[in-house]
Amino acid sequence: MSGNNKSIINKLKNMRKFFLKALIFSAVILLNINYSFAQWSVLAGDPRPARNQGEQYLYQVFTSKQWNASNFATPESIKWHNDARYGMFIHFGLNSYVNKDMSWPIVYNRKAPDQGHGAYPDSAWQKTWPSLFKLEKFNADEWVKIAKDAGMKYIVVIAKHHDGFHMWDTKFSDFKITNTPFKRDYLKEVIDACHKAKMPVGLYYSQRDWYHPDYAPIDPGTIKPLTDPPYYEALPGKKIVQGPTHKKYIEYQFNAVRELLTRYGKIDIFWFDAVWWGGMFTADMWDAEKLTRMIRQLQPGILINNRTSLPGDFDTPEQRIGIYQKRSWESAMTLNGSWGYDPVPPIKSTNVLIKEMLTAAAGNGNVLLSWGAHFDGEWDHKQKDTLLKVGTWLKKYGTAYYSTRGGPWMLAKNYGAVHKGNKIYLYVFNWENQKLVLPVLRGNDIIKASFLNVDNKVIWKKENNNFYFNRPTVPDATVTIIELTMQKPIQEVLEKNTWSFFENPSYGDKILTKNIETSDWKQNSCLIDLGSIKNATGIGCYNNKEDIIISTSTDGNKWEDIGTANEKNAEISITTFMTGVYVPGKQVRYIRLQIGKPGSLKIEVYSK
């Protein structure tokens, strides 16, 4: 590289670092971003973290020794959860007074290691709102009935969120539901209604607690904030330690969890929420191994998620659908983009919800769908109607969804597959080239093929080691389901050897493939116009060895740096912060590439 080119690339890198730090700083301080990101627990050697450049924070890596030293539910205990596939996540609390997400946009004084501020003073959410909490229209039996009619097979309900407000009559805090005008034990009524309806029930419990005076997982006097995970480091000459009162908080937490698991009968799931996030939260902050072992002793057969910085029983991607893995997982998704009732974001359509559920099942995972009631405890009628429409669909076609496992063919952009016994159900979301082509299964042929939701006869053939299925005359608008009866039960899942995180359904479809030649560069820059504003989710730059700084814009004037692509890091995710997590997708029309030494390469753009 020439001296001039080195100078250019160094200036570009310095500019990128400056703008990236400025962007993250403004997001943290001005927009009050939180860091409760989706999380997978993986064993060392799993290729996903290494290949998912820029999104390694989604994965906590354990050695075999660490993994084997932890505690897990038995395969028999987790089977019902895998069979259920679809659950309800009830986000309801003081936040519903202002129709906002829980805790993050509410609490002004967050505690380390969390940074930033919510919009409301302590006097509002600690005093005023509880004094008005009456829940005049709350009916736990109605809530559970709606969940059953919607086709949901289990419920997870918020017991305590980060604001520290207890939705049960705890002995260990005065900041609780029974000290409001409602006076009753809300959590007990929900759990009792679940038990009455034979609905498995789980409890969400946040280890964070911005109300409790003893909460101090990190002594704020020992750290300084950073713009990258884990978002803090030791001050010069200091050692990062827990605050002096935190041992008392851990004692409180053991008491509160023990109370939850001994007072209300059978609890099927315990859902923690302090994600590892690159080391921001660690297992020692909660004495997590001892805590989770106590939980299993108190409630044999209970399932525990992976948000204590231990592997747990199942992974918890958030606001995105996971890709195929054998280990159990559950995508926590919102009905309307908000963790709680909010009238502004549009409710997802029935078609979108069904596709998300089927896509998750094809990846061998569950969907835990969140909704929130009005402050008075009433269901929003539009949300209720949408969920019941999904339930009507599931009553017709649930046999192709419940109790299935992902595969034998891997999830693709236009189709997915699930199986149980000797049945395979193909979910065809869109018919590319008028047909679906799938590799044959070794020693297992198709005996019969039929559409479940289309009035056509399936036209198919086996040829050249592939199965060919023709497009029906009029495919279903949401998904065309093909039921295959095989010679014998499915034993083999055809996992792929190659891997790209753009294969994840959260990234949508490829909307542009463009070969860029050396002559296309002007002053070390290349501009790409998508023609109109798209919800772009990812950009891949392939066959290049140089660093390429990528920026995006909606108008060609104001630019945002999204990352640097190179030979080792070819795929850049484009994300937007939404309700506590970064999710794929940002409004983009123009893409600008900047490079030190222009050359040829291939660029691909994904959009959802």
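Along the sequence shown, the residues carry numbers beginning at 1.
In this structure, Tyr205 and Trp271 have side chains that are not in contact, with every pair of non-hydrogen atoms separated by 4.5 Å or more. In this structure, the side chains of Arg296 and Ile304 come closer than 4.5 Å at one or more pairs of heavy atoms. Proximity of Glu189 to Arg184: side-chain heavy atoms (C-beta onward) are separated by under 4.5 Å at one or more points. In this structure the side chain of Tyr401 reaches within 4.5 angstrom of the side chain of Leu358, judged on heavy atoms. Leu368 is not listed as a side-chain neighbour of Met88, based on a closest heavy-atom distance of 4.5 Å or more. Within the 4.5 Å cutoff, the side chain of Glu495 has heavy atoms near those of the Met410 side chain. Side-chain contact between Leu203 and Ile191: present, with at least one pair of heavy atoms (C-beta onward) separated by less than 4.5 Å. Residues Thr575 and Val583 form no side-chain contact, since every pair of their non-hydrogen atoms from C-beta on lies 4.5 Å or further apart.
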Where do Lys188 and Asp169 land on the side chain to side chain contact (heavy atoms under 4.5 Å, CB included) test, with the steps shown first?
-> CA-CA 9 Å; Lys188 181 180 188 302; Asp169 185 24; over 6 Å; no
Is there a salt bridge (Lys or Arg N to Asp or Glu O under 4.0 Å) between Lys145 and Asp141 once you walk through the steps?
-> CA-CA 6 Å; Lys145 184 179 186 305; Asp141 290 322; over 6 Å; no
Under the side chain to side chain donor-acceptor pair (under 3.5 Å) criterion, do Asp101 and Tyr341 qualify, and how do the steps go?
-> CA-CA 8 Å; Asp101 280 6; Tyr341 176 72; over 6 Å; no
Residue pair Ser70, Glu289: steps toward the side chain to side chain donor-acceptor pair (under 3.5 Å) verdict | CA-CA 7 Å; Ser70 195; Glu289 194 66 52; 3.1 Å; yes
Under the side chain to side chain donor-acceptor pair (under 3.5 Å) criterion, do Trp277 and Gln60 qualify, and how do the steps go?
-> CA-CA 8 Å; Trp277 188 217; Gln60 183 178 6; over 6 Å; no
Given the rule in the side chain to side chain contact (heavy atoms under 4.5 Å, CB included) test, do Lys153 and Trp80 qualify, once you have shown the distances and angles that lead to the verdict?
-> CA-CA 9 Å; Lys153 298 298 185 181; Trp80 76 263; over 6 Å; no
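Partners of Lys100 by side-chain contact (heavy atoms from CB on, under 4.5 Å), not counting sequence neighbours, listed by chain and number: Val98, Pro105, Ile106, Tyr120. The ring pair (Phe, Tyr, Trp, His ring centres under 6.0 Å) check on Trp276 picks up nothing, with sequence neighbours excluded.
Looking only at atom types and distance, the side chain of Arg327 has no donor-acceptor partner in the side chain of Asn306 under 3.5 Å away. Side chains of Asn336 and Ser338: no donor on one and acceptor on the other come within 3.5 Å. A donor atom on one side chain and an acceptor atom on the other are not found under 3.5 Å apart for Gln299 and Asp268. In this model, a donor atom of one side chain and an acceptor atom of the other lie less than 3.5 Å apart for Ser573 and Tyr507. Checking Asp122 against Asn109 by side-chain atom types alone, a donor-acceptor pair falls below 3.5 Å. Side-chain N/O atoms of Asp273 and Tyr204 include a donor and acceptor closer than 3.5 Å.
The backbone N or O of Ala288 sits less than 3.5 Å from a side-chain atom of Thr292, completing a donor-acceptor pair. Within the 3.5 Å criterion, the main-chain N or O of Ala73 finds no donor-acceptor partner in the side chain of Ser77. Remark: side-chain polar atoms of Asn305 are paired, donor with acceptor, to backbone N or O of Phe272 under 3.5 angstrom. Although no hydrogens or angles enter the test, the distance criterion places no donor-acceptor pair under 3.5 Å between the side chain of Ser103 and the main chain of His161. For the pair Glu330 (side chain) and Asn366 (backbone), a donor-acceptor distance under 3.5 Å is absent. Of the possible polar contacts, one joining the Gln66 side chain to the Thr63 backbone as a donor-acceptor pair under 3.5 Å is found. With Lys160 contributing its side chain and Arg208 its backbone, the two residues share a donor-acceptor pair below 3.5 Å. No donor-acceptor pair closer than 3.5 Å links the side chain of Asp376 to the backbone N or O of Lys137. Without hydrogens or angle criteria, Gln207 side chain to Arg307 main chain gives a donor-acceptor distance under 3.5 Å. In this structure, the side chain of Lys420 does not engage the main chain of Arg405 through any donor-acceptor pair within 3.5 Å.
Residue Lys176 holds its NZ atom at 6.5 Å from OG1 of Thr170, rounded to the nearest 0.5 Å. Rounded to the nearest 0.5 Å, atoms CD (Gln319) and OG1 (Thr576) are 12.0 Å apart. Annotation: the span from His419 atom NE2 to Thr404 atom OG1 amounts to 8.5 Å, rounded to 0.5 Å. Distance check: Ile321 CD1 to Trp329 CH2 gives 5.5 Å after rounding to the nearest 0.5 Å.
For Phe138 and Trp143, the ring centers are positioned less than 6.0 Å apart. Residues Phe175 and His166 place their aromatic rings such that the two centres sit no closer than 6.0 Å. Taking the six-membered ring where the residue is Trp, the centroids of Phe89 and Trp371 are separated by 6.0 Å or more. For Phe182 and Phe133, the gap between ring centers reaches or exceeds 6.0 Å. In this structure, Phe254 has its ring center no closer than 6.0 Å to that of Tyr252.
Smallest separation of non-hydrogen atoms from His81 and Leu303: CB-CD1, 3.5 Å. Nearest approach of Pro200 to Lys198, heavy atoms of both residues: CD-O, 3.7 Å. For the residue pair Ile269 and Ile267, the shortest heavy atom distance occurs at O-CG2, 3.5 Å. Across every non-hydrogen atom of Thr282 and Ser309, the tightest pair is CA-OG, 3.6 Å. In this structure, Tyr402 and Gly151 approach most closely via the heavy-atom pair OH-O, 2.6 Å. The heavy-atom pair separating Tyr154 from Ala84 by the smallest distance is CD2-CB, 3.7 Å.
Heavy-atom neighbours of Lys266 NZ from other residues, nucleotides or ligands within 6.0 Å: above the threshold of 12. Counting non-hydrogen atoms of other residues, nucleotides and ligands closer than 6.0 Å to OH of Tyr108 gives a total of 12 or fewer. Applying the 6.0 Å contact sphere to CD of Glu251 captures no more than 12 heavy atoms from other residues, nucleotides or ligands.
Ring geometry, Trp104 versus His162: the interplanar angle exceeds 60°, so the pair is classed perpendicular (tilted spans 30 to 60°).
Each of Val201, Ile177, Leu260 was checked for a side-chain contact (heavy atoms from CB on, under 4.5 Å) with Leu187, and the lone residue meeting it is Leu260. Looking at Leu261, Leu298, Asp313 one by one, the single match for side-chain contact (heavy atoms from CB on, under 4.5 Å) with Phe270 turns out to be Leu261.
With respect to Asp83 and Lys79, a salt bridge is recorded, a charged nitrogen being found less than 4.0 Å from a carboxylate O. By the 4.0 Å N-to-carboxylate-O rule, Lys384 lies too far from Asp380 to be salt-bridged with it. Using a 4.0 Å cut-off between charged nitrogen and carboxylate oxygen, Glu233 and Lys224 count as a salt-bridge pair.
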